[in-house]
There are 2 protein chains.
Amino acid sequence: HHLLRNLNNTGEQVTLTSFLLHQPFSQNEGPTAFKNTALAEFVIQKRSFNLLIKEYSKKDHRNMDCFVCFILSHGEKDKIKGVDDECVNIEELTSCFTGTNCPSLAGKPKVFIIQACQGMSRHRSVTVEADSTEHLEEDATPSISIPDKADFLIGMATVEDCQAFRNPKSGSVYIQSLCKKMEFRVDFITILTKVNQELAEQEFGGSKQMPKITSTLLMKLIFEIPQCKMEK
Amino acid sequence: HHLLRNLNNTGEQVTLTSFLLHQPFSQNEGPTAFKNTALAEFVIQKRSFNLLIKEYSKKDHRNMDCFVCFILSHGEKDKIKGVDDECVNIEELTSCFTGTNCPSLAGKPKVFIIQACQGMSRHRSVTVEADSTEHLEEDATPSISIPDKADFLIGMATVEDCQAFRNPKSGSVYIQSLCKKMEFRVDFITILTKVNQELAEQEFGGSKQMPKITSTLLMKLIFEIPQCKMEK
């Protein structure tokens, strides 16, 4: 969860110019991803997902400009596992942060980066061969309201049914690739597309991994070089 | 389905410089979307989806550089209806075009633009307040193979469970917005994000509509100004 300030909204993109970092667990043993880029990964291992996520969704985010949540766990199709081995539906988790359920984040980007298997299948490999109309809805009236489920960006380590790989030493290959490709001043979906490419080209014990991007963002999301330092 | 030639692959983006258009039904009565931009919509109304889609997936696409399919129909959660009122799972449809099932499209972008309700819920409105690491997987070896489910871009008119609106005169508000926002030389996800924004700001009989973008693309997809004319 990030404290993001100085929102620069140009109509087509939202640029986050300055943000503080807050990690829920100081005992985090995993590799601190994004350490060079002022984004951090959450290893949620001490409490049940449901409780923790609901706790976050109940907080007052009025002074925040964006919500970023990294989840690293095991999972099944459309689900992730908590430490209590209970599976939680991903849609159920993210829905805690819709405009209705978390009004202080309405109209702000909500980013979920999820490292978890989505089934037991090994992703098949495939070899690549070398080789406007004038007017809108008449009953559509402009408003300052937006859909409840707007502004979500979900980065999944893998498409449905498949495995997501972890290296015993360096951890999640998805998170590692994201750290490597992370850049300031570049639209975040472009960065996730580069992660798609990097992982797609590799092989993990004879198997493939294909990350998936899902977006209901209304603008490009761009992280500027942070102006303030990480919070302890 | 488009015939796309002169692929320009710069490593980070695929630019389609020239393409022919092929419409499956000349009797298409719907508004011809993309008429200014050389993309066309398919109104699949004469045959069952399954058959038609399978027919397309069996074709030889070796001379093609991209596959674009517009589907306008009714639907339920994760499903779309054919003329026979049979529901087909969207994942089942798109899986006909994975690298394994359609080798001649392997490594090429496969775009599905889907106008269909995803449930009966009216999308809630919410008011907006005015206010890199050094090395990767050790067991990862570079290869020219990619994951089976790579290169998909799916534009859905709405998120799951919700309705997608049509104007009796001008048709699908999603397709209409896409026609309006369509631009050459601009990355296609950026265009779909503009569609997200345009629709999110509007209201349809007191209800909202939030489109959804899902991507396993490995590069930005950019349509260049077409070099050849539409096929009759």
Side-chain angles (χ1 to χ4, degrees), chain A residues 12 36-37 98-100 103 106-107 123-129 132-133 135-150 159 165 167 170 173 176-177 179-182 189-190 193-194 196-197 200-205 208-220, chain B residues 12 31 36-37 98-100 103 106-107 123-129 132-133 135-150 159 165 167 170 173 176-177 179-180 182 189-190 193-194 196-197 200-205 208-220:
Chain A
E12 284 198 5
N36 300 321
T37 58
T98 60
T100 308
H123 200 133
R124 278 195 201 192
S125 172
V126 63
T127 309
V128 184
E129 272 187 40
S132 319
T133 55
H135 67 287
L136 225 92
E137 268 289 80
E138 286 174 54
D139 55 356
T141 45
S143 77
I144 54 148
S145 68
I146 54 166
D148 197 35
K149 290 181 183 173
V159 293
F165 296 92
N167 180 297
S170 55
V173 297
Q176 291 300 324
S177 174
C179 298
K180 196 170 153 192
K181 297 295 179 189
M182 183 65 198
I189 290 186
T190 299
T193 304
K194 288 180 185 174
N196 280 358
Q197 187 182 44
E201 285 171 352
Q202 298 181 10
E203 232 168 88
F204 308 97
K208 285 291 189 177
Q209 178 171 335
M210 183 68 246
K212 185 171 90 166
I213 305 160
T214 309
S215 168
T216 61
L217 290 184
L218 309 187
M219 296 180 201
K220 288 187 178 187
Chain B
E12 284 197 4
N36 301 321
T37 57
T98 58
T100 308
H123 199 134
R124 277 195 200 192
S125 172
V126 64
T127 309
V128 184
E129 270 185 43
S132 262
T133 56
H135 68 285
L136 225 91
E137 268 291 80
E138 286 173 55
D139 55 356
T141 46
S143 76
I144 53 148
S145 70
I146 54 166
D148 197 34
K149 291 180 181 172
V159 293
F165 296 93
N167 181 297
S170 55
V173 296
Q176 290 300 323
S177 175
C179 297
K180 197 171 151 192
M182 184 65 200
I189 289 186
T190 298
T193 303
K194 289 179 183 174
N196 280 358
Q197 187 182 44
E201 285 171 353
Q202 298 181 10
E203 230 168 271
F204 308 97
K208 285 291 189 178
Q209 179 172 334
M210 184 67 247
K212 184 172 91 167
I213 306 160
T214 309
S215 166
T216 60
L217 289 184
L218 309 187
M219 296 181 201
K220 288 188 177 186

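A, B, ... follow the sequence lines: proteins, then strands. Residue 1 opens every chain.
The minimum heavy-atom distance between A/P147 and B/V126, with the atom names listed, is O-CG1, 3.9 Å. The two residues A/T216 and B/M210 come nearest to each other via the heavy atoms O-CE, 3.5 Å. What you find for B/K149 and A/H123 is that their closest heavy atoms are N-NE2, 3.0 Å. The heavy-atom pair separating A/L218 from B/A200 by the smallest distance is CD2-CB, 3.6 Å.
Of the inter-residue distances, the one linking B/I213 atom CD1 with A/I189 atom CD1 reads 5.5 Å to the nearest 0.5 angstrom. Atom OG of A/S145 is separated from atom CZ of B/R124 by 13.5 Å, given to the nearest 0.5 angstrom. Separating the OG1 atom in B/T193 from the NZ atom in A/K220 is a distance of 8.0 Å, to the nearest 0.5 Å.
Proximity to chain A is limited to the side chain of B/K194, based on heavy atoms less than 4.5 angstrom apart.
The closest donor-acceptor contact from the side chain of A/D148 to the backbone of B/S125 lies at 3.5 Å or more, if one exists at all.
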